[in-house]
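Working notes, beginning with the structure itself.
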Amino acid sequence: MPVFLTNHYTVSDVHINTRQIIVGAERLLDLCNVADYGLSILLINDREMAQLNSRYRGKNAPTNVLSFPFLDGADDTISSLPIKELGDIIISVDTARREAESSRRTLLERLTWLIIHGLLHLTGYDHERSKKDALLMQERENELISRLQTNRSKPMTHLAINVDHIATIRQARGTIEPDPVTAAAICELAGASGIVVHLREDRRHIQDRDVKLLRQTVKTKLNLEMGAAREIIDIALDIRPDMVTLVPEKRLELTTEGGLNVTGQKKKLAKTIKEMTNAGIPVSLFIDPDLKQIKASHDIGATFVEIHTGRYCDAVSEKERDYEFHLIASAAQEADRLGLRVNAGHGLDYRTTARIAALDVIDELSIGHAVITRAVFTGLKHAVREMLDIIRSAGHGFF
Ligand code: PXP
């Protein structure tokens, strides 16, 4: 049975992807074992919602969601319905927008949560009945959200391996071994879809010679990570990697710390992007999971964004990790909606990767430290394959 969506919400600067909402709602019906029932969803504004809320609940204010079961009565169960109709879910998009903003989620995420909430009411859950019922409903909401997040429809997320640390070991002795060029070949043979190296201005690990040789030997895709400094831009224009990722670079940092402040240096970054794209080199901007940075990246013509996963990986509690995960999921979704291609990376390891890899809109993960350090014990080929197994079985996400 179809999901029938009517969109009465016509605010010109608000894009509502009705197709995606319908697909998500149909999947929810499936997850709730009511895929053969019809469901109506109506999107309205606060004024209309206030009228409904006043008429049906005696409350003179808008609310986020109302649900009206097809048959309203204490003894009715879904299976007793004469026709296979669940009823109506009515959502105020004005309220959903405010809630999305205050909880730093995308509008789509918030609408999806409200649909889940409404659907659970239509299928017999009621958080107002008792504390126990409220808990039950909340648990079911969380379960449905996470099941939507882990059911992807796009091909598997790619894995690009950052081989900087191989060069770090070489530089520690100032010799010629181990060679990041050899490491890159092993990673490709093990199934990596790309090789990443960061040519830093201080040349602490990767050297100019490495990038030149990698350009000749990498058969998948060479992604040159770099600061937007003139000297390095010229090298990139000369060597022509398959793409560049612009990152902030500080002399004293151990590794790249935060994401780029795109909003604060739009002009400078736009100029570098233009130079690169004129030379046929797509540009990715390494940014924190922040909707303002996503928009600015889109505004100045980036092809990709790479979303910084560091805070998610470094989280010290499950609650904090969950919070950071949702920021990444929202940012990735928004970037995808704007037409940006989405990569992610930094700090990902054998525990934290699966959840990120399950996000449908992420093209590629850039992973270095975890794989190279595991390789010390297991060998590089094995370490890459283990990571690929995790990504392969990570599932596919709706958000
Ligand atoms: N992405 C970017 C932009 C980075 O700077 C780094 C670190 O070099 C990575 C991904 C990989 O991070 P890690 O080595 O923690 O996997």
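Both counts, for ligands and for their atoms, begin at 1 and track the order of listing. Note that the structure is predicted; figures quoted are calculated from it, not measured.
The distance criterion of under 3.5 Å between nitrogen or oxygen atoms is met by Asn162 with respect to ligand 1. Of the N or O atoms in Thr245, none lie within a sub-3.5 Å distance of an N or O in ligand 1. Taking distance alone, with nitrogen or oxygen atoms compared against 3.5 Å, Gly347 approaches ligand 1 more closely than that limit. Ligand 1 has an N or O atom lying under 3.5 Å from an N or O atom of Gly368, backbone or side chain.
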**Prompt:** How far apart are the C-alpha atoms of Tyr323 and Arg311, what are their side-chain angles, what is the distance that settles it, and do they pass the side-chain hydrogen bond (donor to acceptor under 3.5 Å, both in side chains) test?
**Reply:** CA-CA 10 Å; Tyr323 175 76; Arg311 281 207 308 263; over 6 Å; no
**Item:** Pair Ser92-Asp46, side-chain hydrogen bond (donor to acceptor under 3.5 Å, both in side chains): steps then yes or no
**Value:** CA-CA 6 Å; Ser92 167; Asp46 266 354; 2.6 Å; yes
**Request:** Could you go through the salt bridge (charged side-chain N to carboxylate O under 4.0 Å, His left out) check for Glu99 and Arg110 one step at a time?
**Result:** CA-CA 7 Å; Glu99 291 172 343; Arg110 191 61 198 162; 2.8 Å; yes
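Here His198 has no heavy atoms under 4.0 Å from ligand 1, in either its backbone or its side chain. Of the heavy atoms in His308, none comes closer than 4.0 Å to ligand 1.
Heavy-atom proximity to Glu306, at under 4.0 Å, picks out these atoms of ligand 1: 1 (N), 2 (C), 3 (C), 10 (C). Residue-ligand proximity, Val247 to ligand 1, at heavy-atom distances under 4.0 Å covers atoms 3 (C). Listed by number with element, the atoms of ligand 1 under 4.0 Å from a non-hydrogen atom of Ser366 are 1 (N), 10 (C), 11 (C).
Nearest-heavy-atom check against atom 6 (C) of ligand 1 across His205, His346, His369 picks out His346.
Relative orientation of the Tyr312 and Phe325 rings is tilted, given thresholds of 30° and 60° on the angle between their planes.
For the pair His121 (side chain) and Tyr125 (backbone), a donor-acceptor distance under 3.5 Å is present.
Looking at Arg215, His205, Arg203, Arg170 one by one, the single match for side-chain hydrogen bond (donor to acceptor under 3.5 Å, both in side chains) with Asp210 turns out to be Arg170.
Two residues are said to be in side-chain contact when any heavy atoms from C-beta on lie closer than 4.5 Å; Ile41 and Val3 meet this criterion.
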